[in-house]
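Below, all heavy atoms of this structure are taken into account, side chains as well, without hydrogens, waters or symmetry copies.
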Amino acid sequence: VQQPACVIAGGETTVSLCANPGLGGRNQALALAAGIEISGMSGVAVLAAGTDGGDGPANDAAGAVVTGQDVLRGARFGLDAVQSLMSCDSYQYFHALEQNQYEGRSNV
């Protein structure tokens with residue numbers, strides 16, 4: 001992809017839950033996994049959000065936004081992105097960074 005660019009994709013991801021999952025839905029998990037992959041890159045951001053305003057039944061966020069700097073920023077706050085992803089607790093990770101996206105439920 002030549003820069004500058006904006007890539008838009010649609011669909012629904014599948015997440016395998018761990019034995020004792022924390023909070024976070026598939027969009028937050030996608031954003032955190034993407035954040036790990038783009039860590040250290042400049043000029044790159046990923047928004048993963050549900051069009052219905054919700055991302056899983058146990059939280060109030062629609063998803064999350066992450067840049068290439070956020071995993072490094074999280075580490076400075078004592079957050080471990082890989083551990084959060086492996087423990088299915090992406091909501092708490094993004095909540096600590098104030099990067100969950102709250103759109104309100106449309107139930108569409």
Side-chain angles (χ1 to χ4, degrees):
V1 176
Q2 285 188 325
Q3 295 179 359
C6 175
V7 178
I8 299 174
E12 296 200 14
T13 61
T14 301
V15 175
S16 298
L17 291 177
C18 53
N20 295 304
L23 294 176
R26 59 182 170 237
N27 295 310
Q28 293 157 329
L30 172 62
L32 189 52
I36 293 166
E37 291 298 316
I38 65 173
S39 182
M41 293 182 185
S42 62
V44 179
V46 173
L47 166 66
T51 57
D52 65 354
D55 188 25
N59 72 77
D60 55 351
V65 63
V66 65
T67 73
Q69 305 308 307
D70 292 325
V71 169
L72 302 172
R73 188 168 68 93
R76 288 194 300 271
F77 286 107
L79 302 173
D80 184 332
V82 173
Q83 180 58 39
S84 293
L85 186 61
M86 299 304 293
S87 61
C88 305
D89 201 21
S90 52
Y91 176 91
Q92 299 296 353
Y93 185 90
F94 287 117
H95 181 74
L97 294 177
E98 298 181 351
Q99 287 180 244
N100 281 321
Q101 296 299 299
Y102 303 97
E103 309 304 331
R105 296 255 181 202
S106 67
N107 297 318
V108 177

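Gln92 contributes atom CD, which lies 9.5 Å from atom CD of Gln28 (distance to the nearest 0.5 angstrom). Atom CG of Asn27 sits about 8.5 Å away from atom CG of Leu47, to the nearest 0.5 Å. Between atom CG of residue Leu23 and atom OG of residue Ser84 there is a gap of 11.5 Å, rounded to the nearest 0.5 Å.
Counting only heavy atoms from C-beta outward, the side chains of Phe94 and Leu79 never approach each other to under 4.5 Å. Using a 4.5 Å heavy-atom threshold, the side chains of Pro21 and Asp89 count as separate. Two residues are said to be in side-chain contact when any heavy atoms from C-beta on lie closer than 4.5 Å; Cys18 and Cys88 meet this criterion. Inter-residue side-chain proximity for Arg26 and Thr14 is flagged as unmet; no heavy-atom pair is nearer than 4.5 Å.
Met86 is connected to Val66 through a chain of hydrophobic side-chain contacts under 4.5 Å among Ile, Leu, Val, Met, Phe, Trp and Tyr, so both are in one cluster. Both Val82 and Phe77 belong to a single network of hydrophobic side chains, linked directly or stepwise wherever heavy atoms of I, L, V, M, F, W or Y lie under 4.5 Å apart. At a threshold of 4.5 Å between side-chain heavy atoms, the hydrophobic network of Ile, Leu, Val, Met, Phe, Trp and Tyr places Tyr93 and Leu30 in two separate groups. Under the 4.5 Å side-chain contact rule for hydrophobic residues, Met41 and Val71 share a cluster.
Between the side chain of Asp70 and the main chain of Arg73, no donor-acceptor pair closer than 3.5 Å is present. Panel note: side chain Ser39, backbone Gly35; no donor-acceptor pair is recorded below 3.5 Å.
Remark: Leu85 pairs with Ala29, Leu32, Ala33, Ile36 by the side chain to side chain contact (heavy atoms under 4.5 Å, CB included) rule, at least two apart or across chains.
Scanning both residues, Gly25 and Ser90, for their nearest heavy atoms gives O-OG, 4.1 Å. The two residues Gly74 and Leu97 make their nearest non-hydrogen contact at CA-CD2, 3.9 Å.
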